[in-house]
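When a ligand or atom number is given, it counts from 1 through the structure's own listing order. Computed from a prediction, not measured in an experiment: that's the story for all the values here.
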Amino acid sequence: MTARPRRSCLYMPGANPKALEKAKTLAADVLLLDLEDSVAPDAKESARNQVANAVKQGGYGKREVVVRVNALATPWGRADIAAIGVTRPDGILAPKVETATEVDALNRAMTDAGFSEDASLWIMIETPQAIFHLPQIVAAARSTRLQVLVMGLNDLAKETRMRTGAGRAAFQTSMSLTVMAGRMAGLNVIDGVYNDIADAVGFEAECRQGLEFGFDGKTLIHPSQVEACNAVFAPTDEEITRARAVIDAFASPENAGKGVIKVDGKMTELLHLEQAKQVVAVAEAIESLRS
Ligand SMILES: CC(C)(COP(=O)(O)OP(=O)(O)OC[C@H]1O[C@@H](n2cnc3c(N)ncnc32)[C@H](O)[C@@H]1OP(=O)(O)O)[C@@H](O)C(=O)NCCC(=O)NCCSC(=O)C[C@H](O)C(=O)O
Ligand SMILES: [Mg+2]
């Protein structure tokens with residue numbers, strides 16, 4: 001798994017110049033410039049031009065800039081990818097991907113459009129078909145730029161008629177399967193959005209639930225959600241201190257060659273060492289975003 005922080009991934013409508021400008025001042029790790037569901041059909045072409053200009057102009061600092069294009073099956077998808085490629089964003093996010101064949105097609109379209117070698121492909125998991133095809137979809141990561149899975153729970157609710165009740169009970173199977181599939185292929189996995197902007201308490205609880213499920217971060221819809229999300233998905237000071245203690249303990253000469261030791265009274269194995277290294281890598285990557 002990459003240590004690039006992807007805690008807070010803020011969507012903004014590509015047709016909203018104020019939001020595209022405001023994003024330059026926000027502490028989101030990732031900006032998702034949207035050409036899909038937040039843009040009305042009549043505004044698709046002007047939003048595409050606006051987003052292409054914004055990406056070309058830059059000014060987003062160390063934030064990762066990812067453009068959510070329309071699906072390839074729509075009248076706009078291919079033209080979106082073609083227009084965005086030359087502006088060199090960090091990646092694209094493709095909605096409603098359901099098969100490994102679509103991942104291959106998106107990858108080819110990115111190459112044809114002149115995306116840089118290291119530009120990443122993010123895809124949305126938001127239909128029942130996608131959930132049942134997860135193993136094949138993530139296997140496509142071996143031969144493509146696929147790096148990130150993003151949950152789309154509004155669409156999944158629409159497709160399945162599941163209801164967003166307390167604790168997201170109906171969605172938990174899909175959330176878990178998506179995290180597990182992502183981990184199988186070494187991908188980042190990002191949780192869905194919380195629609196009730198005014199409910200800060202419910203939002204933070206949902207961030208914590210996402211963290212417990214194993215997500216690397218959460219997709220957001222409003223600037224007011226960024227700070228709490230960053231805090232929840234960052235390792236705590238206690239976790240960083242513990243991780244450093246584990247790394248130091250395994251590095252000390254008296255523990256050379258050992259597979260299991262005691263650190264602060266707790267059984268600690270090499271698997272904990274790997275986790276500790278990941279915690280420190282993420283903490284350092286977050287720190288480097290600040291400098
Ligand atoms: C929901 C909103 C339309 C509300 O906008 P607004 O009424 O303008 O909010 P505020 O007045 O509170 O805004 C305060 C300032 O912040 C800026 N702003 C607001 N939202 C954003 C944003 N997302 N990014 C950047 N900046 C933002 C406003 O311009 C104000 O600026 P200023 O006046 O200079 O202080 C709006 O929040 C919004 O459009 N949100 C994003 C909607 C979106 O992108 N939806 C699509 C993605 S979600 C999705 O599709 C889920 C998935 O696919 C699934 O299936 O689940
Ligand atoms: Mg959606």
- For the residue pair Asp104 and Asn107, establish whether any side-chain heavy-atom pair is separated by less than 4.5 Å. no
- Message: I need the minimum non-hydrogen distance between Leu121 and Ala94, along with the two atoms involved.
- Response: CD1-CB, 4.5 Å
- Message: Check for me: within less than 2.8 Å of the Mg ion (ligand 2), which protein N/O/S atoms show up?
- Response: Glu126 OE1, Asp155 OD2
- Item | Approximate separation, where rounding is to 0.5 Å, of Thr127 OG1 and Lys158 NZ | 10.0 Å
- Task: Sequence neighbours left out, what pairs pass salt bridge (charged side-chain N to carboxylate O under 4.0 Å, His left out) with at least one residue falling in residues 61-79?
- Result: Arg4-Glu64, Arg6-Glu64, Asp34-Arg68, Glu36-Arg68
- Is any side-chain N of the basic residue among Glu238 and Arg242 closer than 4.0 Å to the acidic one's carboxylate O? no
Give one line per pair: atom of ligand 1, protein atom, distance. Only N/O to N/O under 3.5 Å.
| unit_1 | atom_1 | unit_2 | atom_2 | d |
| --- | --- | --- | --- | --- |
| ligand 1 | 12 (O) | His222 | NE2 | 2.7 |
| ligand 1 | 23 (N) | Tyr11 | O | 2.8 |
| ligand 1 | 23 (N) | Ile221 | O | 2.9 |
| ligand 1 | 33 (O) | Lys18 | NZ | 3.0 |
| ligand 1 | 35 (O) | Lys22 | NZ | 3.1 |
| ligand 1 | 37 (O) | Ile221 | O | 3.2 |
| ligand 1 | 40 (N) | Ile221 | O | 2.7 |
| ligand 1 | 50 (O) | Arg68 | NH1 | 3.3 |
| ligand 1 | 50 (O) | Arg68 | NH2 | 2.9 |
| ligand 1 | 53 (O) | Arg68 | NH1 | 2.9 |
| ligand 1 | 53 (O) | Glu126 | OE1 | 3.4 |
| ligand 1 | 55 (O) | Glu126 | OE1 | 3.1 |
| ligand 1 | 55 (O) | Asp155 | N | 3.0 |
| ligand 1 | 55 (O) | Asp155 | OD2 | 3.1 |
| ligand 1 | 56 (O) | Leu153 | N | 3.3 |
| ligand 1 | 56 (O) | Asn154 | N | 2.8 |
| ligand 1 | 56 (O) | Asn154 | ND2 | 3.2 |

- Note on the structure: Residue set satisfying side chain to side chain donor-acceptor pair (under 3.5 Å) with Gln50, at least two apart, ordered chain then number -> none
- Message: Any non-hydrogen side-chain atom of Asp196 less than 4.5 Å from a side-chain atom of Glu206?
- Response: no
- Item | NZ/NE/NH1/NH2 to OD/OE distance under 4.0 Å, Lys18 and Glu21 | no
- Item | Asp80 side, atom CG; Leu35 side, atom CG - distance, nearest 0.5 Å | 5.0 Å
